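Worksheet: one structure, shown below.
Because the structure is predicted, anything quoted here is derived from the model rather than measured. Heavy-atom basis, side chains included; hydrogens, waters and symmetry copies ignored.
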2 protein chains.
Amino acid sequence: MPRAAAALAAPPDSRARVFAAAAAEFAARGYAGANVDRIARAARVNKAMIYYHYKSKAALYRAILRDMFDAVGTRVRAVAAAPLAPEEKIRGFVDAIAAEGEARPHFPPIWLREIAEGGAHVDQATLEYIRHVLQTLGGILREGQRAGRFHPANPLLIHAGIVAPLMLFLATASLRRKLGRGVPEITRDAVVTHIQRITLAVLEGRIA
Amino acid sequence: MPRAAAALAAPPDSRARVFAAAAAEFAARGYAGANVDRIARAARVNKAMIYYHYKSKAALYRAILRDMFDAVGTRVRAVAAAPLAPEEKIRGFVDAIAAEGEARPHFPPIWLREIAEGGAHVDQATLEYIRHVLQTLGGILREGQRAGRFHPANPLLIHAGIVAPLMLFLATASLRRKLGRGVPEITRDAVVTHIQRITLAVLEGRIA
DNA sequence: GTCTATAAATAGATAGAC
DNA sequence: GTCTATCTATTTATAGAC
């Protein structure tokens with residue numbers, strides 16, 4: 001989905017505008033709550049155009065899902081392939097997830113919802129992309145273990161410890177505003193650094 | 001909502017059955033995806049009964065939200081009020097969230113979805129309950145700081161570090177099955193212990 | 001590629017009998 | 001408290017003209 005992905009910034013053609021508008025709509029209201037008319041309006045296209053470009057609302061949604069996880073997978077693999085120490089790769093992994101979550105604001109909310117419904121809309125291709133991310137992290141962990149710098153650890157647990165708080169933070173900007181005063185401020189960098197430190201502390205066995 | 005809450009196990013009256021069926025439906029499909037006819041069928045009541053007991057689909061959903069956060073708030077305050085060392089209270093806090101997430105299987109998915117839509121359905125009462133949970137954690141942190149055992153920390157960050165991975169773990173049981181082989185197993189207790197350790201390590205400044 | 005008009009199904013909500 | 005029947009609005013999707 002390179003065309004759609006590249007178009008997130010300033011959608012030139014109607015297909016890319018549909019993609020971008022749909023991503024925002026699905027993020028804000030979920031698959032069931034999303035409305036094709038509203039997507040059309042936001043994309044400044046006629047509703048029929050949506051069905052010209054995509055087979056159905058479901059197919060459009062799945063395209064967005066695939067694009068999301070494909071992008072994270074790619075970014076994360078780049079980190080794993082770079083000539084870096086395992087510790088740096090872990091930091092890079094955290095950064096990659098955060099960067100992707102920020103590059104695509106629809107990513108965190110959609111991700112949370114997919115978790116909530118047990119990946120109901122996740123097709124085989126997307127499932128592969130998700131596996132890739134997990135396997136990439138697993139590879140970094142094994143590399144660190146072979147180098148004698150990481151203790152053995154469950155990749156799933158490490159992954160959850162990284163991704164969950166990140167997505168939560170990125171997705172709760174508006175909710176935090178709603179909670180208002182009494183809830184202390186917090187910055188993106190603080191969160192990323194915090195997660196990097198914790199993850200490395202766990203991997204290096206510095207946590208009793 | 002004590003009546004509805006107590007009825008989660010074996011719903012005796014129709015109102016409680018509606019409540020329980022609706023909780024499951026909203027958890028599985030989200031607010032927009034939930035279907036009142038389906039709720040009626042699952043609750044073994046006539047659809048009109050739902051509107052007899054609750055003003056609308058939205059009101060029914062809000063009642064479930066309130067019940068959830070009220071319950072966590074209560075359980076968490078009990079931990080904070082107990083005569084325990086701050087460290088034990090933190091462990092208890094983690095346990096309380098996990099226990100509540102397990103006692104109400106609809107809790108984790110609904111929680112994730114509410115985060116995703118920025119608390120769109122959260123009314124004032126529910127907002128209060130959520131604040132209570134945050135404030136309770138804040139109280140435990142201050143107590144530990146006064147006792148010289150905890151370093152200063154952002155309650156929101158600590159809270160996210162606890163709740164996010166827990167909810168994620170509890171909500172991903174089915175998705176983990178879908179990912180299938182290649183994804184290592186993981187137990188509830190391992191997750192809880194892991195989160196307790198990490199949180200305490202952070203609070204005690206054992207993480208560089 | 002783009003638009004109008006509309007088909008067809010779904011779903012929230014209620015009136016009114018019992 | 002419970003049920004039948006139905007109204008009404010919404011919404012996905014498409015046929016067909018340009």
Sub-3.5 Å donor-acceptor pair from the side chain of [X] to the main-chain atoms of [Y], do we have one?
X: B:K89; Y: B:A80; result: yes
X: B:R176; Y: B:E185; result: no
X: B:T172; Y: B:L168; result: yes

Of A:F69, A:W111, A:Y31, A:F26, which is the lone residue that meets ring pair (Phe, Tyr, Trp, His ring centres under 6.0 Å) with A:H121?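 It is A:Y31; the other options fail the test.
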Which residues, if any, of residues 46-53 of chain A bring a heavy atom under 4.0 Å of DNA chain D?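 A:K47, A:Y51 - these, ordered by number, are the residues of the stretch whose heavy atoms sit under 4.0 Å from the strand.
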Interatomic distance where [atom1] belongs to [X] and [atom2] belongs to [N] [whole Å]:
X: B:Y61; N: C:dG12; atom1: OH; atom2: P; answer: 14 Å
X: A:R41; N: D:dT12; atom1: CZ; atom2: P; answer: 11 Å
X: A:R15; N: C:dT2; atom1: CZ; atom2: P; answer: 12 Å
X: B:F26; N: C:dG12; atom1: CZ; atom2: P; answer: 9 Å
X: A:R44; N: C:dG1; atom1: CZ; atom2: C1'; answer: 16 Å

Short side-chain N/O contact from A:S14 to OP1 or OP2 of C:dG1, under 4.0 Å: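 False: A:S14 side-chain N/O out of range (4.0 Å or more) of C:dG1 OP1/OP2.
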Roughly how far, to the nearest 0.5 Å, is CD1 of B:I198 from CG of B:L203?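 So the CG of B:L203 and the CD1 of B:I198 are separated by 11.5 Å.
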CD/A:E128 to CG/A:D123 distance, rounded to the nearest 0.5 angstrom?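 Nearest 0.5 Å value for the CD-CG distance: 10.5 Å.
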Checking side chain to side chain contact (heavy atoms under 4.5 Å, CB included) for the pair B:M68/B:Y129: CA distance, chi angles, key distance, verdict? CA-CA 9 Å; B:M68 270 170 44; B:Y129 294 138; over 6 Å; no
Do [Y] and [X] meet the salt-bridge criterion of a basic N to acidic O distance under 4.0 Å?
X: B:R91; Y: B:E87; result: no
X: B:D95; Y: B:R188; result: yes
X: B:E117; Y: B:R113; result: no

Over its full length, what angle do the end axes of the helix from C:dG1-D:dC18 to C:dC18-D:dG1 make, each axis taken from five pairs and the result rounded to 10 degrees?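 Taking five pairs per end, the axes differ by 0°.
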Does B:R142 make a cation-pi contact with B:F150 (under 6.0 Å, within 45 degrees of the axis)?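 Output no; distance or angle outside limits.
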Scan residues 29-38 of chain A against DNA chain C and write down, sorted by residue number, each residue with any heavy atom closer than 4.0 Å; if none is found, say none.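 Residues of residues 29-38 of chain A under 4.0 Å from DNA chain C: none.
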